[in-house]
Participant: 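I have a structure I would like to understand better, so I am pasting it below and will then ask my questions one at a time.
Owing to the predicted nature of the structure, the values given are computational and were not obtained by experimental measurement.
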Amino acid sequence: METESEPYVRLATLRQLHQVMADMNTARSLADTLQTVADGVVNGLGYELACVNLVRPDGDLVVAAFAGNPAAEALITGRVGSRESWERRLSMGENWGDLVFIPHTEGWVLDDDDVPQWYTDGPAPRFEDEWHPSDRLFAPMFTPGVQGGSCGELIGVLSVDRPRNGRRPGAWGREALQMYAFQAAIAISNARLRANMQRALVRLEREQQALRASEESFRQAFEYAPSGMAIAEMGGDQHGRILRTNDALCRLLGRPASAMRRYSFSDLVHPEDIGTLLRTSAEGGRAELRLGRRDGTYVWVSLRNSVVADAADGPRFLLTHVEDIEDRKRRELQLAHRASHDSLTGLPNSAELRARLSSRLCQRPAHPGALESLDAAYGHPAFDAHGHGFDFRPAVESFDAYDHHVHTVAPESDHDDGTKGLAVLFCDLDGFKSINDRFGHNAGDAVLIEVARRLTRQVRDGDTVARLGGDEFVILADGLGRADAADLAVRLRNEIIQPIRAEGRAVRVGASFGIGWAHCGMTADEVLKSADERMYVEKRSRPKQHRRAG
């Protein structure tokens, strides 16, 4: 009830409000701020009980702080009231500005809802503005920055009870509570902001520590990896330029780290492997190729690429793992050589000869545009029994491949007409069996090895000398006319009939040659059979005593 001394009371109250607001804004944590808000209601506004109900992320309100009654504090602190029940409370009763007052005559309907509350009993009011124990007064707290606060986001509700003067607050008391709730909302928002910042700083520091640890782990793994590692630029004008290498890669290539930074892998790769490098995908790409050492030699390596980013949106780099596979590659090449070459003479064997010959030949169709050719190429008639057509795209593609093939042709007649073709010289040694029978297989092997050497010495670099088996050899010589092939056969025969040292003695063998010609439309076996038959014709045409010179 207002009296003449009220101005002095207001001044004292303002002093108390100033102090409690200062305490709110200097609290160290969110929990301390909430408790200071509750204590300030009791100490600065003249209420015996105060409760701070804070909105949780899920929308419900939890009792976060209580002041004025330890028993009630222990009973309801931490308990949760649903947002629905709170909205019901804030929508009923009397509106005192932003405050909500629910008199005891209406509040009995709230006794059984889920909002945490305490009960006090007392007699009925004796006069109109006397406070009843069941009266309820709420001060909603809204996010700051909105004029009047009532349109902001609800962050909590102050519940107050039992004014010390026993009366309902007057106009000034209501305004003081409303102003206090507004300042409390600011203090709570600032405390939340500080708490979030502190958590963010702690999280950032942990992330930085983890990043530093990760970078150190990567550095050690990079530097001390047993195999080569390199980091190169990705994208831009300097794409592929090596930025950093580890010791293992420098040792592998015999180049210092300072020199490696002047190169990209395309500068170091063997010229024959540049296509392999360019076909290698940057992300997750793998390739086996040769890299150049400082001494001019090359080493076989396996490259494996992966992309790393300096930051979430920062520059990207290419991390390349380089593994030395020289020993494995040498073994693979040796195995491949053994599979395709004769173990005694080192010449290509029968399988390799047929592969090289087949690579030059195509099965030439008689009439590529005719329907019969499509039938043959596709493997069934152009139409089925019901008159339905088949898809001839595979056949057409085969004709396209045929059209782009450089055909192998043969001279048309026995006379040299100027046509150059792929000559196939079939060589069979004369008198070789007698050497084996008289001097043993070691002598025979020595003869075969020497014959192979002499044949290889007499042909061009691009020609093929192969051992077909036993004492039979085949020479593939491209770009020869009939006269050229005959001259080559003579030279080879004259070279072979020279004496050969075998097992400490000089022996001699002769040679019979048959010249066949390869052309598209033939198989490799057909070409070899043709040359073989011509060789036997040539062998039978010479007297036996002239087949071997001595």
Participant: Quick one: does Thr345's side chain have a donor or acceptor within less than 3.5 Å of a partner on Ile449's backbone?
Facilitator: no
Participant: Is there a side-chain hydrogen bond (donor to acceptor under 3.5 Å, both in side chains) between Asn305 and Thr320 once you walk through the steps?
Facilitator: CA-CA 5 Å; Asn305 296 328; Thr320 302; 3.0 Å; yes
Participant: Assess whether salt bridge (charged side-chain N to carboxylate O under 4.0 Å, His left out) is satisfied between Arg356 and Glu352, documenting all intermediate values.
Facilitator: CA-CA 6 Å; Arg356 293 187 185 185; Glu352 178 66 13; 2.9 Å; yes
Participant: Mind checking what makes side-chain contact (heavy atoms from CB on, under 4.5 Å) contact with Val55, not counting sequence neighbours?
Facilitator: Leu61, Arg83, Leu154
Participant: Step by step, would you call Val307 with Met234 a side-chain contact (heavy atoms from CB on, under 4.5 Å)?
Facilitator: CA-CA 8 Å; Val307 176; Met234 188 174 180; 3.7 Å; yes
Participant: In terms of side-chain heavy atoms, does Ser512 have a donor or acceptor partner in Asp430 at a distance below 3.5 Å?
Facilitator: yes
Participant: Can you measure from CZ (Arg241) to OG (Ser264) and round to the nearest 0.5 angstrom?
Facilitator: 10.0 Å
Participant: Please collect all salt bridge (Lys or Arg N to Asp or Glu O under 4.0 Å) contacts where either partner lies in residues 267-277, sequence neighbours excluded, each pair once.
Facilitator: Glu272-Arg290, Asp273-Arg290
Participant: For Ala452, does its backbone N or O pair with a side-chain atom of Thr456 as donor and acceptor, under 3.5 Å?
Facilitator: yes
Participant: Would you say Ser340's side chain and Ala336's backbone share a donor-acceptor pair under 3.5 angstrom?
Facilitator: yes
Participant: Less than 4.0 Å between a side-chain N and a carboxylate O, is that true for Arg493 and Glu538?
Facilitator: yes
Participant: Applying salt bridge (Lys or Arg N to Asp or Glu O under 4.0 Å), which residue pairs with at least one partner in residues 244-264 are found, sequence neighbours left out?
Facilitator: Glu223-Arg244
Participant: Enumerate the residue pairs fulfilling ring pair (Phe, Tyr, Trp, His ring centres under 6.0 Å) with a member in residues 209-231, sequence neighbours excluded, ordered by first and then second residue.
Facilitator: Phe218-Phe222
Participant: For Ala511 versus Ile496, what's the shortest heavy-atom pair and its separation?
Facilitator: CB-CD1, 3.8 Å
Participant: So, using ring-ring contact (aromatic ring centres under 6.0 Å, His included) as the criterion, who are the partners of Tyr263 when residues are at least two apart?
Facilitator: none
Participant: What distance do Ile515 atom CD1 and Leu425 atom CG have between them, rounded to the nearest 0.5 Å?
Facilitator: 5.0 Å
Participant: Measure the spacing between CG of Leu253 and CE of Met260 and express it to the nearest 0.5 Å.
Facilitator: 5.0 Å
Participant: Do side-chain atoms of Asn246 reach the backbone of Leu249 as a donor and acceptor pair under 3.5 angstrom?
Facilitator: yes
Participant: Hey, what do you get for CZ (Arg540) to CE (Met535), rounding to the nearest 0.5 Å?
Facilitator: 9.0 Å
Participant: Give a yes or no on whether a salt bridge exists between Lys433 and Asp437, defined as a side-chain N under 4.0 angstrom from a carboxylate O.
Facilitator: yes
Participant: Name every donor-acceptor pair, under 3.5 Å, that has one atom in a side chain of residues 465-480 and the other anywhere in the protein, sequence neighbours excluded.
Facilitator:
| from | atom 1 | to | atom 2 | distance (Å) |
| --- | --- | --- | --- | --- |
| Arg467 | NE | Gly470 | O | 3.0 |
| Arg467 | NH1 | Asp342 | OD1 | 3.3 |
| Arg467 | NH1 | Asp342 | OD2 | 3.1 |
| Arg467 | NH2 | Gly470 | O | 2.9 |
| Asp478 | OD2 | Arg360 | NH1 | 2.7 |
| Asp478 | OD2 | Arg360 | NH2 | 3.3 |

Participant: Salt bridge or not between Arg328 and Glu332? Use side-chain N to carboxylate O under 4.0 Å.
Facilitator: yes
Participant: If the condition is salt bridge (charged side-chain N to carboxylate O under 4.0 Å, His left out), which residues does Arg212 pass it with, not counting sequence neighbours?
Facilitator: Glu205
Participant: From Leu54 CG over to Thr33 OG1, what is the distance, rounded to the nearest 0.5 angstrom?
Facilitator: 11.0 Å
Participant: Could you work out, with salt bridge (charged side-chain N to carboxylate O under 4.0 Å, His left out) as the rule, every residue matching Arg460, not counting sequence neighbours?
Facilitator: Asp463
Participant: For a side-chain contact (heavy atoms from CB on, under 4.5 Å) check, start with the C-alpha distance between Thr245 and Met229, then their side-chain angles and the critical distance, and finish with the verdict.
Facilitator: CA-CA 6 Å; Thr245 57; Met229 302 285 285; over 6 Å; no
Participant: Could you tell me whether a side-chain N or O of Ser434 sits under 3.5 Å from a main-chain N or O of Gly431, the two making a donor and an acceptor?
Facilitator: yes
Participant: Between Arg56 and Asp58 (salt bridge meaning N to carboxylate O under 4.0 Å), is one present in this structure?
Facilitator: yes
Participant: Test of understanding: with side-chain contact (heavy atoms from CB on, under 4.5 Å), list the residues that count as partners of Ala502, not counting sequence neighbours.
Facilitator: Ala443, Ala446, Val447, Val507
Participant: Thinking salt bridges, do Glu326 and Arg330 make one under a 4.0 Å N-O criterion?
Facilitator: yes
Participant: What's the shortest heavy-atom distance between Ala423 and Ala485, and which atoms?
Facilitator: CB-CB, 4.1 Å
Participant: Which pairs count as salt bridge (Lys or Arg N to Asp or Glu O under 4.0 Å) when at least one residue sits in residues 439-453, sequence neighbours excluded?
Facilitator: Glu450-Arg453, Glu450-Arg454
Participant: Report, one line per pair, each donor and acceptor closer than 3.5 Å where one atom sits in a side chain of residues 524-533; sequence neighbours left out.
Facilitator:
| from | atom 1 | to | atom 2 | distance (Å) |
| --- | --- | --- | --- | --- |
| Asp525 | OD1 | Arg354 | NE | 2.7 |
| Asp525 | OD1 | Arg354 | NH2 | 3.4 |
| Glu526 | OE1 | Thr523 | N | 2.9 |

Participant: Which is it for Phe317 and Leu243 under the side-chain contact (heavy atoms from CB on, under 4.5 Å) test, yes or no, and what are the steps along the way?
Facilitator: CA-CA 9 Å; Phe317 300 94; Leu243 301 174; 3.6 Å; yes
Participant: Counting N and O atoms only, with roles assigned by atom type, does the side chain of Ser217 sit under 3.5 Å from a partner on the main chain of Ala213, one being a donor and the other an acceptor?
Facilitator: no
Participant: Starting at CD1 of Ile497, measure out to CG of Leu492 and round the result to the nearest 0.5 Å.
Facilitator: 11.5 Å
Participant: Taking the basic N atoms (NZ, or NE/NH1/NH2) and the acidic carboxylate oxygens, is any pair closer than 4.0 Å for Arg438 and Glu503?
Facilitator: no
Participant: Please name all residues satisfying ring-ring contact (aromatic ring centres under 6.0 Å, His included) with His321, sequence neighbours left out, ordered by chain then number.
Facilitator: none
Participant: Quick one, Lys539 with Asp428, criterion side-chain contact (heavy atoms from CB on, under 4.5 Å). Give me CA distance, side-chain angles, the key distance, then yes/no.
Facilitator: CA-CA 9 Å; Lys539 184 185 288 285; Asp428 181 80; 3.0 Å; yes
Participant: Has the side chain of Arg338 got a donor or acceptor atom that lies under 3.5 Å from a matching backbone atom of His341?
Facilitator: no
